[in-house]
Protein chains: 2
Amino acid sequence: MTSTTCEVGCETSLSTGPLGADEAVRLAAMFKAVADPARLRLLSIIAAQEEACVCDLTGPVDLAQPTVSHHLKVLVDAGLVTRDKRGKWAYYAVVPGALDALGAALRTR
Amino acid sequence: MTSTTCEVGCETSLSTGPLGADEAVRLAAMFKAVADPARLRLLSIIAAQEEACVCDLTGPVDLAQPTVSHHLKVLVDAGLVTRDKRGKWAYYAVVPGALDALGAALRTR
């Protein structure tokens, strides 16, 4: 086993040694949420803006609104995206730091 | 859309704007490979060593060897881990940079 120092702001990562069972379950659930092409594309659109109206998300991914809403619910349930209903539409934003922390979990050095 | 500069060594990431359909499919397949608690634990053990014998991987995750071998095959097929059969045992190592690049794809800044 190597002994790697975890940098500031880095939580669990593959570089910090064997993952515990509970932490592995938690991370796997979040990776499952992003393990879908449509959800990754939606995330990339939402992440590029302060917030994104669901009305602006169906076009770019070429999916019906119920399908897009399902994918967005998976991302909200995983704690990666927030949903704010205002008037007719729902607005989505990336939870600050959540995607970066998830990505950092795959760091090996 | 924000305009974020991609740092050196960073390939596709959520910070670089909307993901294309093909790139989203490619990344989703790799995230699917890591979206499993046993595979994440195996990766964390393999990543901590130069290489790991399959004979040393069954104990820590408390799974039968055929199950461990199945999970390792998924990681090899995804391009995240290499497999080297020598004598009686197979030895696994993380593909240099592969997990770090996958994690970097979730960067939003």
Side-chain angles (χ1 to χ4, degrees), chain A residues 1-4 10 12-50 52 57 59-63 78 80 93-109, chain B residues 1-4 10 12-50 52 56-57 59-62 78 80 93-109:
Chain A
M1 304 279 166
T2 57
S3 152
T4 315
C10 144
T12 302
S13 95
L14 297 181
S15 69
T16 55
L19 274 181
D22 291 349
E23 185 65 359
V25 167
R26 186 185 75 83
L27 287 172
M30 297 180 89
F31 281 122
K32 196 171 177 187
V34 302
D36 178 276
R39 291 200 288 274
L40 280 172
R41 297 186 74 193
L42 288 167
L43 278 174
S44 72
I45 298 166
I46 298 169
Q49 305 173 60
E50 283 282 312
L57 291 172
V61 292
D62 198 23
L63 293 171
L80 298 172
V94 166
V95 173
L99 287 162
D100 296 278
L102 185 60
L106 292 178
R107 265 207 295 237
T108 60
R109 51 177 183 256
Chain B
M1 304 279 166
T2 57
S3 151
T4 315
C10 145
T12 303
S13 93
L14 298 180
S15 69
T16 55
L19 275 182
D22 291 348
E23 184 66 358
V25 167
R26 187 186 74 82
L27 287 172
M30 298 182 87
F31 281 122
K32 195 171 176 186
V34 301
D36 177 276
R39 292 200 286 274
L40 280 172
R41 296 186 74 194
L42 289 167
L43 278 173
S44 72
I45 298 167
I46 298 168
Q49 304 173 60
E50 283 284 311
D56 292 328
L57 292 171
V61 292
D62 198 22
L80 298 172
V94 165
V95 173
L99 287 163
D100 296 278
L102 185 59
L106 292 179
R107 266 206 294 237
T108 59
R109 51 175 184 258

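Numbers restart at 1 for each chain; the letters A, B, ... are given by sequence-line order, proteins then strands.
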Measuring from atom CG of B/Leu106 to atom CG of B/Leu27, what distance do you get when rounded to the nearest 0.5 angstrom? 8.0 Å

A/Ile45 side chain reached by A/Gln49 side chain, heavy atoms, under 4.5 Å: yes

Could you tell me which portion of A/Ala98 (side chain, backbone, both or neither) has an atom closer than 4.5 angstrom to a non-hydrogen atom of chain B? neither

Proximal component of B/Asp100, with respect to chain A [non-hydrogen, under 4.5 Å]: both

Greatest number of heavy atom pairs closer than 4.5 Å to chain A - which of B/Ala21, B/Pro60, B/Ala52: B/Ala21

Rounding to 0.5 Å, atoms CG (A/Leu42) and CG (A/Asp36) come to a distance of 8.5 Å

Taking A/Ala105, A/Gly97, A/Gly20 one by one, which has the highest count of heavy-atom pairs under 4.5 Å against chain B? A/Gly20

Can you tell me how far apart CG (A/Leu99) and OG (B/Ser15) are? Round to the nearest 0.5 Å. 11.0 Å

